[in-house]
Amino acid sequence: NAGVIQTPRHKVTGKGQEATLWCEPISGHSAVFWYRQTIVQGLEFLTYFRNQAPIDDSGMPKERFSAQMPNQSHSTLKIQSTQPQDSAVYLCASSLAPGQVGNQAPLFGEGTRLSVL
Amino acid sequence: QQKVQQSPESLIVPEGGMASLNCTSSDRNVDYFWWYRQHSGKSPKMLMSIFSNGEKEEGRFTVHLNKASLHTSLHIRDSQPSDSALYLCAASMIASSSFSKLVFGQGTSLSVVP
């Protein structure tokens with residue numbers, strides 16, 4: 001099992017450009033979470049899918065951020081018109097549902113480091 | 001808005017010593033607490049979880065939970081330099097047969113010195 005796979009590992013964009021980040025959850029996991037991490041803000045929740053349906057996007061900046069999960073094998077986080085303050089490590093995690101046999105902890109991928117110049 | 005507070009912000013312990021980390025949630029609806037460890041440049045890795053009052057031990061790591069006060073603590077005995085990392089506490093609820101989002105604290109930075 002390869003774990004949660006995130007691509008690319010590093011992305012550099014110019015201010016105003018678009019960035020698309022990809023996440024492949026662990027096979028069989030029903031929940032996918034997106035977080036971002038900075039030194040100042042720590043680990044911030046962005047959005048969450050369960051069985052591909054959006055459940056909670058309360059952490060998403062409304063105007064420029066969007067996330068999709070078109071099938072059970074991948075999710076994308078898109079940031080339009082990137083700004084320097086968007087620079088962070090974006091982390092994707094997936095988990096089993098409570099009651100499913102196995103480790104139910106949300107397991108993180110290695111993240112995508114986004115740098116907006 | 002749900003908050004998870006961790007203390008201390010940073011901690012230095014001698015090799016072989018005991019490290020004690022604290023975490024409290026402000027949301028009375030939380031059901032689960034999670035402890036993650038994050039080494040520098042790496043992603044968080046789950047260490048332990050707890051949802052029942054009391055204590056849970058796995059090797060050198062012990063977690064306590066007091067559901068009445070929504071306080072959990074992580075204790076690391078015989079601390080090793082490899083335990084030096086950022087320790088993150090998170091809280092979540094169970095709703096509609098699934099976990100809610102995890103809300104993380106700011107973390108405790110642990111340094112184990114030889």
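Basis for what follows: all heavy atoms, side chains included, without hydrogens, waters or symmetry-related copies. Everything numeric here is computed off the predicted structure, so don't read it as measured data. A note on names: the letters A, B, ... follow the listed sequences, proteins ahead of strands, and every chain is numbered from 1.
- The choice from S43(B), G105(B), S49(B) that makes the most heavy-atom pairs within less than 4.5 Å of chain A is S43(B).
- Taking non-hydrogen atoms and a 4.5 Å limit, the residue list of residues 59-89 of chain B in contact with chain A, ordered by number, reads L86(B), L88(B).
- Of the N and O atoms on the side chains of T13(A) and T82(A), at least one donor lies less than 3.5 Å from an acceptor on the other residue.
- Using a 4.5 Å cut-off between heavy atoms, F45(A) contacts chain B through its side chain alone, with no backbone atom that close.
- Using non-hydrogen atoms only and a strict 4.5 Å limit, the part of residues 51-73 of chain A facing chain B consists of D56(A), S58(A).
- Contact detail for I26(A) and G3(A): the closest heavy-atom pair is CG1-C, 3.6 Å.
- Heavy-atom pairs under 4.5 Å with chain B peak, among E44(A), R113(A), E110(A), at E110(A).
- In terms of heavy atoms, E15(B) sits closest to V112(B) at CA-CG1, 3.7 Å.
- For the residue pair Q37(A) and Q38(B), a side-chain donor N or O sits within less than 3.5 Å of a side-chain acceptor on the partner.
- Note: R50(A) CZ to S95(A) OG = 10.0 Å, rounded to the nearest 0.5 Å.
- Atom CG in L21(A) sits 12.5 Å away from atom CZ in R9(A) (nearest 0.5 Å).
- Annotation: Y32(B) is in aromatic contact with W34(B) [ring centroid separation under 6.0 Å].
- When every heavy atom of S75(A) is checked against every heavy atom of V32(A), the shortest pair comes out as CB-CG1, 4.2 Å.
- Within the 4.5 angstrom heavy-atom criterion, only side-chain atoms of L91(A), from C-beta onward, approach chain B.
- Residues F108(A) and F33(A) place their aromatic rings such that the two centres sit no closer than 6.0 Å.
- Aromatic ring centres of F104(B) and Y35(A) lie closer together than 6.0 Å.
- More than 12 heavy atoms of other shown residues, nucleotides or ligands fall within 6.0 angstrom of atom NZ in K45(B).
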